[in-house]
K.L.:
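What follows is a structure written as structure tokens; I'll ask about it next.
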Amino acid sequence: MKIKVVDTYDEISDEAAELVLAQLREKPDCVLGLTAGSSPMGLYERLQAAYQEGRADFSRVRIFTLSEYIGLDEQDEQSFAYYTRKNFCDGLNLSEQNIRMPNGMADDIALECARYGEAIAAAGGIDLMILGIGPNAHIGFNEPGSCFVPETHVVELSNATRAANARFFDVPDDVPHWAVSMGMRDIMFAQKILLLASGPGKTEALKMAVAGDITPKAPASLLQLHRGAIVIADQAAASRLPGYDGCPS
Ligand code: GLP
């Protein structure tokens with residue numbers, strides 16, 4: 001795992017965009033795993049700008065989103081499907097058949113999870129996984145627990161995660177209690193992983209992820225075992241990492 005510390009959120013987004021664009025040049029039909037949330041917004045804006053300016057072509061790129069709330073459909077503005085279409089897909093020339101997202105409205109959610117995992121495998125796995133990190137060190141919706149869950153699964157969201165995500169909802173109680181998430185194997189089998197962490201709200205989570213014990217109590221800590229994982233953090237998020245001296249690395 002490599003850790004890169006930069007000054008600002010904009011620099012996180014710049015660095016991340018360079019890495020994703022390099023991935024596209026290397027493999028034009030690459031498979032991207034995409035997180036939702038505020039962390040990748042700047043990255044997604046830069047990718048849309050690169051496409052609009054003719055610097056990138058997404059026509060063969062395939063995407064899989066990391067997670068989805070159960071009970072929200074694609075039209076719901078709080079769903080990750082809506083977020084991904086608005087903030088990523090809509091500004092790009094992706095082919096509709098290359099956009100895959102877990103369906104949080106599926107009648108048989110266990111079957112939906114199994115099919116989603118199979119679709120990821122059939123695509124040859126994820127080439128580049130873009131992750132944020134929750135304040136409790138969750139990735140996707142892999143919540144802290146007593147074991148790592150390998151495959152795409154249904155998860156009961158913790159109070160901490162529901163509280164952290166309440167800012168996106170008009171009424172905090174509306175945050176769903178359940179979600180579907182790619183599992184840790186789906187994530188760890190990615191060729192490359194890019195984790196973006198910004199702001200003081202991520203300081204403790206980042207410390208647990210990169211400098212703590214590898215434990216399911218901090219799911220992001222498993223990334224320490226991934227050869228191709230890169231963490232890009234700003235100074236605020238990195239301020240409590242051991243050995244951090246305040247200088248961008
Ligand atoms: C959510 C998502 C995660 C995301 C995390 C952090 O819970 N399921 O995939 O990484 O929040 O979000 P943000 O970047 O908005 O802080």
Side-chain angles (χ1 to χ4, degrees), residues 8-10 12-13 15-17 32-46 63-72 76-84 86-88 100-102 104 113 116 120 126 128-145 148-149 152-169 172 174-184 186-188 190 193-210 218-223 229-234 236-238:
T8 62
Y9 175 72
D10 276 347
I12 294 179
S13 306
E15 296 264 349
L32 301 179
L34 299 179
T35 185
S38 43
S39 303
M41 289 290 283
L43 162 63
Y44 296 165
E45 280 165 18
R46 281 157 180 76
I63 66 160
F64 286 88
T65 55
L66 258 173
S67 46
E68 183 58 279
Y69 291 114
I70 291 180
L72 302 190
D76 192 309
E77 293 189 16
Q78 316 310 332
S79 72
F80 289 165
Y82 185 94
Y83 166 100
T84 305
K86 180 167 171 234
N87 298 300
F88 188 84
R100 299 296 298 260
M101 308 183 189
C113 289
Y116 201 65
I120 295 169
I126 307 286
L128 175 59
M129 179 75 75
I130 296 160
L131 299 176
I133 184 168
N136 61 1
H138 75 250
I139 47 178
F141 272 135
N142 289 273
E143 290 277 41
F148 294 111
V149 183
T152 301
H153 60 287
V154 172
V155 59
E156 182 171 15
L157 300 178
S158 66
N159 290 336
T161 294
R162 291 187 66 243
N165 289 1
R167 68 191 192 280
F168 297 114
F169 290 76
D174 286 350
V175 182
H177 287 264
W178 296 88
V180 175
S181 180
M182 277 190 206
M184 295 303 290
D186 299 324
I187 294 171
M188 289 295 284
I193 297 176
L194 189 52
L195 184 145
L196 312 178
S198 171
K202 301 297 171 70
T203 310
E204 276 309 314
L206 195 61
K207 190 173 160 198
M208 288 191 275
V210 310
S221 64
L222 194 59
L223 300 177
I230 302 178
V231 174
I232 309 179
D234 60 18

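All residue numbers in this chain count up from 1 along the given sequence. Just so you know, ligand 1 is whichever comes first in the structure, and atom 1 is the first atom listed for that ligand.
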K.L.:
Ring centroid separation for Tyr83 and Phe88, is it under 6.0 angstrom?
P.N.:
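No, ring centres 6.0 Å or more apart.
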K.L.:
Considering only non-hydrogen protein atoms, determine which one is nearest to atom 6 (C) of ligand 1 and report residue, atom name and distance to 0.1 Å.
P.N.:
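Heavy-atom neighbour on the protein nearest atom 6 (C) of ligand 1: Ile133 O, 3.5 Å.
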K.L.:
With ring centroids as reference points, do Phe141 and Tyr69 lie under 6.0 angstrom apart?
P.N.:
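Centroid separation for Phe141 and Tyr69: below 6.0 Å.
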K.L.:
Mind checking whether Gly140 has an N or O less than 3.5 Å away from an N or O of ligand 1?
P.N.:
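Gly140 vs ligand 1: N/O contact under 3.5 Å present.
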K.L.:
In the protein, what heavy atom is nearest to atom 16 (O) of ligand 1, and what distance, to one decimal place, separates them?
P.N.:
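Residue, atom and distance for the closest contact: Lys202 NZ, 2.6 Å.
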K.L.:
Please identify which atoms of ligand 1 are closer than 4.0 Å to at least one heavy atom of Arg167.
P.N.:
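Matching atoms, with element in brackets: 13 (P), 15 (O), 16 (O).
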K.L.:
Specify the closest pair of heavy atoms between Phe80 and Glu68, including all atoms of both residues, with the distance to one decimal.
P.N.:
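So the two residues come closest at N-OE1, 2.9 Å.
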K.L.:
Among all protein heavy atoms, pick the one closest to atom 12 (O) of ligand 1 and tell me residue, atom and distance.
P.N.:
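Of the protein heavy atoms, Gly37 CA, 4.1 Å lies nearest.
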K.L.:
Side-chain contact, heavy-atom cut-off 4.5 Å: Pro102 with Thr152?
P.N.:
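When only atoms from C-beta onward are counted, Thr152 and Pro102 do not touch, as no gap falls below 4.5 Å.
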K.L.:
Return the closest protein heavy atom for atom 9 (O) of ligand 1 as residue, atom name and distance.
P.N.:
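Its nearest protein heavy-atom neighbour is Thr35 OG1, 2.8 Å.
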K.L.:
Of Asp234, Ile230, Ile12, which is the lone residue that meets side chain to side chain contact (heavy atoms under 4.5 Å, CB included) with Leu196?
P.N.:
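Filter result, single survivor: Ile12.
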K.L.:
Are side-chain heavy atoms of Val154 and Ile70 found at a separation under 4.5 Å?
P.N.:
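SC-SC contact between Val154 and Ile70 confirmed.
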K.L.:
Please identify which atoms of ligand 1 are closer than 4.0 Å to at least one heavy atom of Gly132.
P.N.:
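Checking each atom against Gly132, I get 10 (O).
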K.L.:
Under the criterion side chain to side chain contact (heavy atoms under 4.5 Å, CB included), which of Ile133, Ile187, Val231 is the partner of Leu223?
P.N.:
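Among Ile133, Ile187, Val231, the one meeting side chain to side chain contact (heavy atoms under 4.5 Å, CB included) with Leu223 is Ile187.
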K.L.:
Quick one: look up the protein heavy atom nearest atom 14 (O) of ligand 1 and list residue, atom name and how far away it is.
P.N.:
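Checked against all protein heavy atoms, atom 14 (O) of ligand 1 sits closest to Ser39 OG, 2.5 Å.
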K.L.:
Heavy-atom distances under 4.0 Å are what count here, so tell me which part of Arg162 touches ligand 1: side chain, backbone, both or neither.
P.N.:
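Near ligand 1, Arg162 shows nothing, with every heavy atom at 4.0 Å or more.
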K.L.:
Would Ser67 and Val180 satisfy side-chain contact (heavy atoms from CB on, under 4.5 Å), going step by step from the backbone distance to the final call?
P.N.:
CA-CA 5 Å; Ser67 46; Val180 175; 6.0 Å; no
K.L.:
Can Asp10 and Arg46 be counted as an ion pair, charged N to O under 4.0 angstrom?
P.N.:
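Salt bridge: yes.
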K.L.:
Any idea which atoms of ligand 1 are less than 4.0 Å away from a heavy-atom of Phe141?
P.N.:
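That gives atoms 7 (O), 8 (N) of ligand 1.
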K.L.:
So which heavy atom in the protein is nearest atom 7 (O) of ligand 1, and how far is it from that ligand atom?
P.N.:
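Here the closest protein heavy atom is His138 NE2, 2.8 Å.
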K.L.:
Taking only heavy atoms of Phe80 into account, list the atoms of ligand 1 that are under 4.0 Å away from them.
P.N.:
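By the 4.0 Å cutoff, the relevant atoms are 8 (N).
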K.L.:
Hey, is Ser67 touching ligand 1 through its side chain, its backbone, both or neither, going by heavy atoms under 4.0 Å?
P.N.:
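Just the side chain.
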